[in-house]
Enquirer: 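Please see the structure below; I have some questions.
Naming: A, B, ... by sequence-line order, numbering from 1 per chain.
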Amino acid sequence: MADPSNADIAAAFDELADLYELDGAIVHRVLAYRGAAKAVRDAPQSVAALTRAGRVQELPGIGATLEEKLVALVETGTIPALEKLRAKFPPGLVDLTRLPGLGPKRARRLFDELGIDSLQALETAARQKRLQDLRGLGAAFEQKMLEALEQGAGDAPQGRIVLHRAREVGEQIVAALAAHPAADRVELAGSARRMADSVKDLDIVAAATDTRALLDAFTALDVIESSSAPGENAARARTHNGISIDLRVVAPEQFGNLLQHFTGSQAHNVGVRERAVRRGLHVSEYGILDDATGETLRCASEEEVYERLGLTWVPPELRENRGELDLTEVPPLVTVEDLKGDLHMHTVASDGHNTIEEMARAALDRGYEYIAITDHSASHGFGNDVSPDELRRQIDRVRAVDATLDGIELLIGTESNIGVDGALDYDDELLAELDWVIASVHTRFAMPAEQMTARVIAACEHPSCDAIGHLTGRKIEQRAAYAIDVDAVIEAAARTGTMLEINGAPDRRDLNDVHARAAAQAGVPILIDSDAHRTTTLANVRWGVATARRAWLGPAAVANTLPWAEFAPLRKRAR
DNA sequence: GCCGTTTTCGGCCCGACTGTTTTCAGTCG
């Protein structure tokens with residue numbers, strides 16, 4: 001039996017939290033399960049393996065009881081308490097809690113007192129006006145439920161917006177507001193500031209000399225379709241392309257508190273506040289209340305907020321409660337400017353839109369010292385098929401352009417498909433003639449995890465395979481990662497000297513932050529590549545850098561921050 | 001159920017909103 005993945009374990013703990021909540025457990029017990037689920041999901045190593053090793057209590061939020069449940073899950077494939085609770089409550093009951101305004105307490109009462117066990121049963125009861133029979137619930141609640149059901153609120157979790165789309169809108173609005181005469185400071189906050197993979201909505205915070213004027217300017221922007229005003233210093237709006245935006249405005253002396261609060265994440269803020277309480281301080285969006293003096297401290301800057309709490313300021317990308325509150329100094333994180341090369345891009349030879357020379361000149365403009373031209377290999381047919389003969393001609397073309405350009409090293413490479421059996425395209429001799437080979441899975445995503453893992457490990461063991469591209473094949477908000485044992489691949493990459501890529505395509509960002517952190521900790525050199533298909537998308541490394549930063553990676557962990565002379569010998573073929 | 005600069009029990013982040021109440025429970029971010 002294969003070990004459960006961290007995602008599987010986290011899902012089991014989340015389900016236990018939901019069911020214990022329905023069961024009426026005290027909220028702190030429920031939160032303990034949710035916290036444990038998050039710790040497992042964020043863990044950069046296999047939690048199943050940690051459990052076997054008897055070390056799982058090293059994870060924050062895992063104690064003796066949860067260890068016992070993990071041992072059961074790893075050894076038997078199931079958790080007895082979970083089976084018991086599943087038998088106790090109909091599966092449709094958890095669906096009810098997805099409706100806004102209907103949580104576990106009310107769901108439990110609807111079940112106990114009216115026998116409601118599904119969205120369908122809720123709708124029927126609401127139409128028959130039976131919900132208002134319950135003490136504490138009235139006609140307004142009933143109406144709200146019917147409206148929510150009509151809008152399909154219970155059907156499926158709402159889709160999130162991939163970060164680059166949200167930031168495009170957000171950055172534009174921030175720039176427009178910052179230029180307004182009433183604006184003192186304007187910043188994007190929330191998960192967009194933390195550079196998460198995707199966002200639910202946008203949070204913008206501002207300090208202004210004239211709050212009313214700035215709010216009016218915001219709602220009058222061309223991109224805004226509709227707006228409402230939930231308070232004196234706030235506006236909520238929707239853009240024409242369907243993105244919800246919250247704007248909050250405060251006086252400049254309070255801006256640091258507001259920015260810190262709305263940047264989150266929730267888990268980070270909870271961690272911050274728990275530590276503050278131990279010092280007799282209470283943190284909110286309005287300030288820091290000091291028990292000793294009864295006074296509320298306001299901070300103009302975010303740095304001041306952290307300093308007053310005795311904490312090191314935390315870069316927004318790290319604010320996920322993954323250990324950042326124990327930092328004693330701000331860690332060095334990789335930046336776009338640190339990158340000296342890009343090892344994954346396409347040209348008109350396969351499915352790209354620009355020539356070798358155009359890509360090279362664009363790379364020079366970005367200040368790169370080296371790039372690899374890595375058109376798709378022939379077996380799967382992206383755009384034009386690059387046959388072995390075509391690849392030989394491409395070698396000559398790249399060498400020719402390289403000879404005409406100063407200041408940049410042009411590598412001839414390929415993005416080779418990884419076959420079902422782990423074989424690369426092109427014969428070994430031709431692969432060995434290249435300067436660089438990145439290998440990726442593009443077919444047969446549905447194979448079992450054991451086979452997919454063996455397939456990619458086989459590629460790692462090929463002497464000409466320098467790196468693995470977009471390891472898990474995920475497309476953010478579109479397609480889940482295929483089943484693969486990432487830990488096993490990381491181990492193989494470390495053993496064979498194969499680099500692992502963070503693909504910068506904004507809907508890939510693959511490796512993700514958790515995997516990239518684990519790979520770097522295992523000593524695997526990480527690449528940040530654009531996977532550009534035209535000159536303009538070379539800039540996509542921005543999203544790869546964002547993921548690297550969320551993975552706590554400094555420049556030293558990222559191989560293509562090295563100058564060519566130091567990068568070249570790191571390639572497997574040069575070792 | 002976890003956890004410890006209040007250490008093995010007694011706490012556990014903060015504030016806003018809603019609908020129902022007449023002081024508050026539940027929900028949400």
Enquirer: Flag the pair A:E302 and A:R193 as a salt bridge only when some basic side-chain nitrogen lies within less than 4.0 angstrom of an acidic carboxylate oxygen.
Expert: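 Looking at A:E302 and A:R193, the cut-off is met.
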
Enquirer: Both A:R109 and A:S284 contact DNA chain B. Which one's nearest nucleotide lies toward the 5' end?
Expert: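 Counting from the 5' end, the first nearest nucleotide belongs to A:S284.
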
Enquirer: What does nucleotides 1-7 of chain B look like as a protein-contact string, B for base, S for sugar-phosphate only, - for none, at under 4.0 angstrom between heavy atoms?
Expert: BSS----

Enquirer: Does A:A139 reach a base, just sugar-phosphate, or nothing at all? Heavy atoms under 4.0 Å.
Expert: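 Sugar-phosphate, no base atom in range.
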
Enquirer: Check the phosphate of B:dC13 against A:Y286, side-chain N and O only, distance under 4.0 Å to OP1 or OP2. Yes or no?
Expert: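 For A:Y286, the contact criterion (side-chain N or O under 4.0 Å from OP1 or OP2 of B:dC13) is not met.
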
Enquirer: Determine the Euclidean distance between corresponding C1' atoms of B:dT6 and B:dC12; express it in Å to zero decimal places.
Expert: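 Nearest-Å result for B:dC12 against B:dT6 at atom C1': 13 Å.
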
Enquirer: Just the rounded figure in Å: distance from C1' of B:dC12 to CZ of A:R279.
Expert: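 Taking atom C1' of B:dC12 as the reference, CZ of A:R279 is at 19 Å.
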
Enquirer: Please indicate whether A:R55 has more than 12 foreign heavy atoms, meaning atoms of other residues, nucleotides or ligands, lying under 6.0 Å from its CZ.
Expert: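 For A:R55, atom CZ is not crowded (no more than 12 foreign heavy atoms under 6.0 Å).
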
Enquirer: For B:dG26 versus B:dT21, give the span between their P atoms, rounded off to a whole number of Å.
Expert: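 Each nucleotide's P atom is 13 Å from the other's.
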
Enquirer: Rounding to a whole Å, what distance do you find between A:R194:CZ and B:dG29:C1'?
Expert: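 The distance from CZ of A:R194 to C1' of B:dG29 comes to 12 Å, rounded to the nearest Å.
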
Enquirer: Select base, sugar-phosphate, or nothing to describe what A:H282 touches, counting heavy atoms under 4.0 Å on all strands.
Expert: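 Sugar-phosphate: the residue A:H282, judged by heavy atoms under 4.0 Å, touches backbone atoms but no base.
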
Enquirer: When the C1' atoms of B:dT20 and B:dC24 are compared, how many Å lie between them, rounded to an integer?
Expert: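 Those two atoms are separated by 9 Å.
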
Enquirer: So what does A:V272 touch, heavy atoms closer than 4.0 Å: a base, only the sugar-phosphate, or nothing?
Expert: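 The residue A:V272 makes no contact with any strand.
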
Enquirer: Whole angstroms only, please: what is the CG-C1' distance between A:L31 and B:dT27?
Expert: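 The distance from CG of A:L31 to C1' of B:dT27 comes to 13 Å, rounded to the nearest Å.
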
Enquirer: Does the plane of the ring in A:Y20 sit parallel, tilted or perpendicular to the ring in A:Y33? Use 30° and 60° as the thresholds.
Expert: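 Plane angle between 30° and 60°, so tilted.
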
Enquirer: Using the C1' atom in both, what is the distance from B:dT8 to B:dC3, to the nearest Å?
Expert: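 That atom pair is separated by 9 Å.
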
Enquirer: Under a 3.5 Å limit for both distances, which nucleotide forms a Watson-Crick or G-U wobble pair with B:dG19, could you say?
Expert: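 B:dC24 is the nucleotide pairing with B:dG19.
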
Enquirer: Minimum heavy-atom separation for A:I79 and A:K69, please, with both atom names.
Expert: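 Heavy-atom minimum between the residues: CG1-O, 3.7 Å.
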
Enquirer: Taking atom C1' of B:dG26 as reference, at what distance in whole Å does atom CG of A:L134 sit?
Expert: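 In whole Å, B:dG26 C1' and A:L134 CG are 14 Å from each other.
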
Enquirer: For A:E142 and A:L102, take the nucleotide of DNA chain B holding the closest heavy atom to each; which residue's nucleotide lies nearer the 5' end?
Expert: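 This one resolves to A:E142.
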
Enquirer: Taking A:E320's backbone N and O only, do any of them form a donor-acceptor pair with A:K38's side chain (distance below 3.5 Å, no angle check)?
Expert: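 Judged by distance alone, yes, a pair lies under 3.5 Å.
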
Enquirer: Which word best sums up how the rings of A:H268 and A:Y306 line up, parallel for under 30°, tilted for 30 to 60°, or perpendicular for over 60°?
Expert: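 Geometry flag for A:Y306 against A:H268: tilted rings.
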
Enquirer: Can you check the A:Q266 CD to B:dG15 C1' distance for me, whole Å?
Expert: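 Rounded to the whole Å, the gap is 12 Å.
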
Enquirer: Once you round it to whole Å, what is the distance between P of B:dC28 and NZ of A:K105?
Expert: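 From A:K105 NZ to B:dC28 P: 12 Å.
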
Enquirer: Atom CG of A:L258 and atom P of B:dC14: how far apart are they, to the nearest Å?
Expert: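 Whole-Å distance recorded here is 18 Å.
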
Enquirer: Within the supplied structure, the quantity of interest is the number of heavy atoms (other residues, nucleotides, ligands) at a distance under 6.0 Å from A:E303 CD; does it exceed 12?
Expert: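 Yes, because the 6.0 Å sphere around CD of A:E303 holds more than 12 heavy atoms from other groups.
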
Enquirer: How far, in whole Å, is B:dT5 from B:dC13 if one measures between their P atoms?
Expert: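 Result for the P pair: 15 Å, nearest Å.
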
Enquirer: Of the options B:dG19, B:dT27, B:dC12, whose atoms approach the side-chain atoms of A:E274 most closely?
Expert: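 In terms of side-chain proximity for A:E274, the closest of B:dG19, B:dT27, B:dC12 is B:dC12.
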
Enquirer: Separation of A:Q260 atom CD from B:dC13 atom P, in whole Å?
Expert: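 Answer to the nearest Å: 15 Å.
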
Enquirer: Determine the Euclidean distance between corresponding C1' atoms of B:dT23 and B:dT18; express it in Å to zero decimal places.
Expert: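 15 Å, rounded to whole Å.
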
Enquirer: Using every non-hydrogen atom in the two residues, find where A:F13 and A:A36 come nearest and quote the distance to one decimal.
Expert: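 Heavy atoms only, the tightest pair is CD1-CB, 3.8 Å.
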
